[in-house]
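Here the structure comes first, spelled out in structure tokens, and everything after it is commentary.
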Number of protein chains: 2
Amino acid sequence: MATIYDVARLAGVSPATVSRVFNGTTVTPQNERVVKEAAAELDFVPNRTARTLRLRSSDIIALVIPDIENPYFTALARGVEDEARAAGYSVVLCNTDDDMSRESGYLDVAVSEHMAGVIIAAASDRSDLSPLLDRNKAVVAVDRVPRGAAIDAVTVDNVAGGRAATTLLVERGYRRIACIAGPADVETSTRRIAGWSAALEAAGLPEDPTLLEHADYRVDGGYAALERLLAHDERPDAVFVANNLMSVGALRALRDAGIHPPAVGIASFGALPFSTSAPTGVSTVSLPARELGSAAARILLERIAGDRQEPRTVVLEAVPVV
Amino acid sequence: MATIYDVARLAGVSPATVSRVFNGTTVTPQNERVVKEAAAELDFVPNRTARTLRLRSSDIIALVIPDIENPYFTALARGVEDEARAAGYSVVLCNTDDDMSRESGYLDVAVSEHMAGVIIAAASDRSDLSPLLDRNKAVVAVDRVPRGAAIDAVTVDNVAGGRAATTLLVERGYRRIACIAGPADVETSTRRIAGWSAALEAAGLPEDPTLLEHADYRVDGGYAALERLLAHDERPDAVFVANNLMSVGALRALRDAGIHPPAVGIASFGALPFSTSAPTGVSTVSLPARELGSAAARILLERIAGDRQEPRTVVLEAVPVV
DNA sequence: CTTGCGTCTGAAATCGATTTCTGTAACGCT
DNA sequence: AGCGTTACAGAAATCGATTTCAGACGCAAG
């Protein structure tokens, strides 16, 4: 691999001059030409590792997400990418699989690779961002905010969304409305539950705590949770499902039980991914996933550029689909 | 950020000793203890950039894929991750969006960051891997192999899969079977078309070239392609769709046209992602996405470990779902 | 002709970890 | 006691780019 020294030698200049050519400082047009020719000749690609070591910062942004297989997060990733690339940064994705140790491993990588910044959808409420914060690395939380972290955040209004989704079921005449929530230690989940409760209360419906099932935000978890609800003594007549993938699981469980949606109502927080059939009996509240990503990226880029204002939280709306 | 020198000073040893403690070479138990205490005290995280610069190789593997929003590729990513992590490597994902210039940008990043290796599902037949190969970086192609690249590859048997999918339609009695293929410059697409042709020929059915539509392997492309087929003078009675996302688009187009699947048969290459309804009138050939990823990762890891044998190609089967 | 200023260049230090090479101490053996 | 061997530690070079500092040169003004 050709280095800046090889280029310098071939061009008959010093390494400093080669560096200057690639960094836009003043160089004779003559020298610029010679250096560029030499670089092309040698197929020179600057060594980013050396550059990063010297500058103590690279132009890579890490996006840390809990589930790469969830289309919601991949759409979010697209939003991040669009903004970041436009600003000249590369984005790398890190999948934590909801595992805090994997997450902290990736955070260490981000720190020790001197990445420019991190956008993170935390694996848990208790995710520890201190490795980043202590070294005042630019960080933006997206979708989920770890408890007590005083950082920029971009989220959706989970309470309002949960209420809206549940209300759709109420309006359609369902009375005994269950909830399949996400993990108890994930912020978005507790808020969506709060929205569910609020909607029930507003409608004057009884809130039966046994109708709350926790699952894992995955397809299989939603499937199992719905099975548990069906086995209930007093079976619910509708279910508010707190994320897209669990809704898929819940619908599969219904199908396998020979029940078809209007019979049991389903409201999904987040549109069903890649659905092909007109949603009969399924209400959804849709999330601006891509916008979450791009908003987070914009804030991160400002921080990287040196913005020092107080951390702010941007809340986007979840919109009920009619 | 604490460095190895800070740790050395606090522990009263030389930087070399600190390095040895973290790399498992022989050090007095006494020194080991002192160094570890000092490191913990200072919250020391080794600077990977410096390490990589010196060693000329990091322990990060890049996975370059054309469409992060396609569940097939994210499942593949999971396969890669599982293997790579087990071997102590971190995986970063790079999304090229089928764009060769973005792709080559990421390949340059992989080279100039001295990543340990690259697994790539190429954006095109004509993708240029020479930046990697010239510097003999470990590379494995997965899913798609750029034309003429003499490298390790893990693919599915696209011809057999295309034939099997088409044959399912033939067996169900359809006679005028169209094909919605992917981009003309993508290897998997041309092979799946070949499978479609072979099945038609084997069944003695006429092969009408106007029944072949090219699209982009995306949902919207599949939608538009199906609309074009419906507008045909002699409308097809079934369609072989060459990937999962286009099948979603095609089914949506059918739905919007008021046609329901058994009326027009659909065979999808790749299972429908997150489907919730029992597939009526939709045949699928399912792909071992995760296995593709893990097989590719295993080969890459062997190469990284120094394997020098001839490049080999592993072909996995696409299995018709009954 | 000298002074002064501006423009451009190169030498060398720097970022932080790894590793070779050299040196010292301790130990076992004859 | 003398010698060889092993085990460990430290000094210093190294990876490749950036950047400071100082020097060289040209040109204009006095």
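Just the heavy atoms: all of them, side chains too, but no hydrogens, waters or symmetry mates, feed the values below. Letters go in sequence order (proteins before strands), and every chain restarts at 1.
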Can you identify which nucleotide, out of [options], has its nearest atom closest to the [X] side chain?
X: B:Arg20; options: D:dT18, C:dA17, D:dG10; value: D:dG10
X: A:Ala50; options: C:dT19, C:dA17, D:dA17; value: D:dA17
X: A:Asn31; options: C:dA11, D:dG16, C:dT9; value: C:dT9
X: B:Ala16; options: D:dG16, D:dG10, C:dA17; value: D:dG10

(request) Report the residue (B:Thr17 or B:Arg56) whose heavy-atom-nearest nucleotide on DNA chain D is the more 5′ of the two. (result) B:Thr17
(request) Between B:Thr28 and A:Arg48, just flag the one whose closest nucleotide in DNA chain D comes earlier from the 5' side. (result) B:Thr28
Would one find a side-chain N or O of [X] under 4.0 angstrom from OP1 or OP2 of [N]?
X: A:Arg51; N: D:dT18; answer: yes
X: B:Ser14; N: D:dG10; answer: yes
X: B:Ser19; N: C:dA17; answer: no
X: B:Asn47; N: C:dC15; answer: no

(request) Using a strict cut-off of less than 4.0 Å between a Lys/Arg side-chain nitrogen and an Asp/Glu carboxylate oxygen, indicate whether A:Arg85 and B:Asp97 qualify as a salt bridge. (result) no
(message) I'd like to know if B:Arg298 pairs up with B:Glu302 as an ion pair, taking the criterion as any Lys NZ or Arg NE/NH1/NH2 lying under 4.0 Å from an Asp or Glu carboxylate oxygen.
(response)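 B:Glu302 and B:Arg298: not salt-bridged.
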To the nearest angstrom, how far is [X] atom [atom1] from [N] atom [atom2]?
X: B:Met1; N: C:dA17; atom1: CE; atom2: C1'; result: 12 Å
X: B:Ile4; N: D:dT14; atom1: CD1; atom2: P; result: 19 Å
X: B:Arg135; N: D:dC15; atom1: CZ; atom2: C1'; result: 17 Å
X: A:Arg9; N: D:dG16; atom1: CZ; atom2: P; result: 12 Å
X: A:Arg54; N: C:dA13; atom1: CZ; atom2: P; result: 13 Å
X: B:Leu55; N: D:dA13; atom1: CG; atom2: P; result: 19 Å
X: A:Leu53; N: D:dG16; atom1: CG; atom2: C1'; result: 9 Å
X: A:Asn23; N: C:dT9; atom1: CG; atom2: P; result: 15 Å

(message) I want to know whether A:Tyr72 and A:Tyr217 have ring centres closer than 6.0 Å.
(response)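 No, they do not, as the ring centres are separated by 6.0 Å or more.
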(request) Find the distance between OG (A:Ser19) and CD1 (A:Ile4) and round it off to the nearest 0.5 Å. (result) 4.5 Å
(message) Students often get this wrong, so: under 4.0 angstrom with heavy atoms, is A:Val13 touching a base, only sugar-phosphate, or nothing?
(response)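 Sugar-phosphate contact only - A:Val13 comes under 4.0 Å of backbone atoms but never of a base.
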(request) Please tell me which of A:Val27 and A:Tyr5 maps to the more 5' nucleotide of DNA chain C, matching each residue to the nucleotide holding its nearest heavy atom. (result)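 Here A:Val27 is the residue nearer the 5' end.
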(message) Is there a side-chain contact (heavy atoms from CB on, under 4.5 Å) between A:Ile120 and A:Leu107? Walk through the geometry before answering.
(response) CA-CA 9 Å; A:Ile120 178 170; A:Leu107 298 188; 4.2 Å; yes
